Amino acid sequence: MGESASDILRRLLNLPANSSNTLDFVSFDNTINESAVKSNNILTKETKSENVSQTQPEPTSKTVESSAPKTVKKQSETAINQIADKVRALLSSSEFQEENKAVVRFLAILRVLYRTNPESFAQATESLQGRTRVYFARDEATLLMAGNHTKPKQIPDTPYWVITNTNSGRKMLMLEGAMQSMDLPEDLINEVRTYFVSN
């Protein structure tokens, strides 16, 4: 074995071994991100109007658009702290502490992540998938297409569904991927990890 959880997550998310270089674009300040988003919207509108006026769109413009990375909006420190506080409150609650089933704990953490910041949760779950499975979807049918034995469950009080027939380690990898994408602190991720390790 000898593969760390981070290495496994990178492999599952098809990220290069040195992820620090791949995430550099996330650290742009908000003004750069907002202008990049606005320019992408303008480019999209211009491209759409060009496509309407032409009989055939240029294949090179599609190639450029698909190869350009999506701009990821980094959350404010206030938003990150708010999510972290809510997750810590859940972890310290007596109901969570007394819960023995990993799937119930898994769904509870996902519920808090979504309810605290739905937009960030949506961005985080879009990229989380395995080699052959989609982990998160907005409907059960999408998850069932990956296999009949995925046991999809709806995350309580959210429009999202998640596969649940994974072991605790895989559940933690999904949580870790979502929490890292939401810019949550590593110490909080490690705190959550203690509830998903096999004894």
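Model, not experiment: these values are computed from the prediction.
By the rule that hydrophobic residues join a cluster once side-chain heavy atoms approach within less than 4.5 Å of another member, Phe196 and Val104 end up as members of one cluster. If you chain together hydrophobic residues whose side chains sit under 4.5 Å apart, Val103 and Leu90 fall into the same group. Note: the hydrophobic cluster containing Leu113 also contains Phe96 (ILVMFWY, side chain heavy atoms under 4.5 Å, direct or indirect links).
In this structure, the side chains of Leu91 and Leu188 come closer than 4.5 Å at one or more pairs of heavy atoms.
Sorted by first and then second residue, the ring-ring contact (aromatic ring centres under 6.0 Å, His included) pairs involving residues 154-179 (not counting sequence neighbours) are Tyr114-Tyr160, Phe121-Tyr160. Residues in residues 94-104 take part in these side-chain hydrogen bond (donor to acceptor under 3.5 Å, both in side chains) pairs, two or more places apart or across chains: Gln97-Tyr195. The salt bridge (charged side-chain N to carboxylate O under 4.0 Å, His left out) pairs that include a residue from residues 140-150 number zero, where partners must be two or more places apart or lie in different chains. Residue pairs meeting the salt bridge (charged side-chain N to carboxylate O under 4.0 Å, His left out) criterion with at least one partner in residues 146-157, sequence neighbours excluded, are Arg111-Asp157.
Residues passing the side-chain hydrogen bond (donor to acceptor under 3.5 Å, both in side chains) test with Thr125: none are found, sequence neighbours excluded. Residues that satisfy the side-chain hydrogen bond (donor to acceptor under 3.5 Å, both in side chains) test with Arg105, not counting sequence neighbours, are absent from this structure. Listed by chain and residue number, Met172, Glu176, Ile189, Asn190, Val197 satisfy the side-chain contact (heavy atoms from CB on, under 4.5 Å) test with Arg193 (two or more places apart in sequence, or in another chain). Thr142 meets the side-chain hydrogen bond (donor to acceptor under 3.5 Å, both in side chains) test with Asp139; sequence neighbours excluded. In this structure Thr166 satisfies the side-chain contact (heavy atoms from CB on, under 4.5 Å) test together with Arg133, Ile163, Arg170, Lys171, Met174, sequence neighbours excluded.
One finds the CZ atom of Phe136 at 9.5 Å from the CG atom of Leu143 (value rounded to the nearest 0.5 Å). Here the OG atom belonging to Ser76 is positioned 8.5 Å from the CG atom belonging to Asn117, to the nearest 0.5 angstrom. The CG atom of Leu110 lies 5.0 Å from the CG atom of Leu175; values are rounded to the nearest 0.5 Å.
Glu119 contributes no side-chain N or O that, together with a main-chain N or O of Gln123, makes up a donor-acceptor pair within less than 3.5 Å.
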Item checked: Derivation of the side-chain contact (heavy atoms from CB on, under 4.5 Å) call for Leu173 and Leu128 -> CA-CA 10 Å; Leu173 283 175; Leu128 285 175; over 6 Å; no

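Across Met182 and Ser120, no two heavy atoms sit closer than the pair CG-OG, 3.3 Å. Of all heavy-atom pairs between Ala124 and Ala178, the closest is CB-O, 3.6 Å.
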Compile the donor-acceptor pairs under 3.5 Å between side chains in residues 78-89 and protein atoms, sequence neighbours left out, one pair per line.
{"unit_1": "Asn81", "atom_1": "ND2", "unit_2": "Glu77", "atom_2": "O", "d": "3.2"}
{"unit_1": "Arg88", "atom_1": "NH2", "unit_2": "Asp187", "atom_2": "OD2", "d": "3.0"}

